[in-house]
Number of protein chains: 2
Amino acid sequence: MAETEDSPVARGLLPRLIGYQLRRAQVAMFRDFARRVTAAEDITPALFGMLQVIAANPGLAQSRLAEAMGVERSAIVKVVDQLEARDLIARQPSPRDRRSHSLHLTAAGQDRLARLEELVLAHEAEFAGRLSPEEQAQLLSLLDRLHD
Amino acid sequence: MAETEDSPVARGLLPRLIGYQLRRAQVAMFRDFARRVTAAEDITPALFGMLQVIAANPGLAQSRLAEAMGVERSAIVKVVDQLEARDLIARQPSPRDRRSHSLHLTAAGQDRLARLEELVLAHEAEFAGRLSPEEQAQLLSLLDRLHD
DNA sequence: TATTGTTATACTCTATAACTATA
DNA sequence: TATAGTTATAGAGTATAACAATA
């Protein structure tokens, strides 16, 4: 049974905390990414990030990728497995170190990434469209200065 | 064996994406929260958020809390169990609906929350200290306008 | 019929520790 | 000795589906 009124829930000092607003904005943006990108191309924000870094650093070793993404190298293995199983990237033997795997985009991966970039940029433009271009640039700059 | 130079890993168009910078800033801020707050008081950002919302809405039902936090009500159960086991909150029978639990801070919970708020505000001030007060206010406003 | 709290279950993400093959 | 990739395992966090009590 529907009651009388839905008075909104109070949030104490949360709305004044940058950490809280950062988290809320990030969750909202991931939700939009899921609707616009993941639903169409089955690529999560994390996977997109991996593809970007691999594309920008051909031959990158898994350990370097792990460092760049801020996760343990053991956690990279399954991600690389997935991307390789989908023929987006390939593990190649490193010419310098026989322990190491050199990561590269496949031709299919490059095509796919080009399409993904369009979708991601459209998602960004639409979601950040609530802010003027000047405000978007300001936000980027403030966020960039916030992390080390 | 240490090699020659650590050339930083390129990140493609990630640094120009608000979603990416939002995520990085959020992760960095959670890391600082963990160092300054969780290490001292064993309260995560999520638990602190729950306490804030319960404190600001005495008698709140678990379902309302779940809605406010954006998670399923089944996921709230364990969290409330934890906070109750630590004597920070209490489940009380609702006077209006015998299915419902009214959540309240305990006296100990109120003391604890007061101390937590000091720690959290110190963490915020320190972390956001890289930005001027005007910039911090600007960031808060931009983030607030970004989510629905 | 619908909602509240609960349980069981599964899935994702991540960290730790140990192993192997190389360096 | 140290590092690269791998595996196994465990712990959060979250979603889904079902259930009993109550509305």
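In what follows, chains are A, B, ... by sequence order, proteins preceding strands, each numbered from 1.
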Rounding to an integer number of Å, can you tell me how far [X] [atom1] sits from [N] [atom2]?
X       : N      : atom1 : atom2 : result
A:Glu67 : C:dT14 : CD    : P     : 16 Å
A:Ile76 : D:dT3  : CD1   : P     : 18 Å
A:Phe30 : C:dT12 : CZ    : P     : 16 Å
B:Arg31 : C:dA15 : CZ    : P     : 11 Å

**Study point:** B:Arg16, CZ: over 12 other non-hydrogen atoms inside 6.0 angstrom
**Key:** no
Check your understanding: Which value, rounded to the nearest 0.5 Å, describes the distance between B:Ile76 atom CD1 and B:Leu65 atom CG?
Key -> 4.0 Å
Review point. Say you draw a straight line from CG of B:Leu83 to CZ of B:Arg91; how long is it, rounded to the nearest 0.5 Å?
Key: 9.5 Å
Point to revise | For DNA chain C, the residues among residues 32-41 of chain B that have a non-hydrogen atom under 4.0 Å from it | key: none
Check your understanding: Any ring pair (Phe, Tyr, Trp, His ring centres under 6.0 Å) pairs touching residues 71-93 of chain A, not counting sequence neighbours?
Key -> none
Practice item. May I ask you to check if B:Arg130 and B:Phe127 form a cation-pi contact, with NZ or CZ under 6.0 angstrom from the six-membered ring centre and within 45° of the axis? Key: yes
Review point. Do you know the tightest heavy-atom contact between A:Ile43 and A:Leu51?
Key: CD1-CD1, 4.3 Å
Review point. How about A:His104 and A:Gln92: does a side-chain donor come under 3.5 Å of a side-chain acceptor?
Key: yes
**Study point:** B:Gln21 versus A:His147, side-chain donor and acceptor atoms under 3.5 Å
**Key:** yes
Check your understanding: Where along nucleotides 5-20 of chain D does protein come under 4.0 Å, by heavy atom, of base (B) or sugar-phosphate alone (S), with - for untouched nucleotides?
Key -> BBB-------SBB---
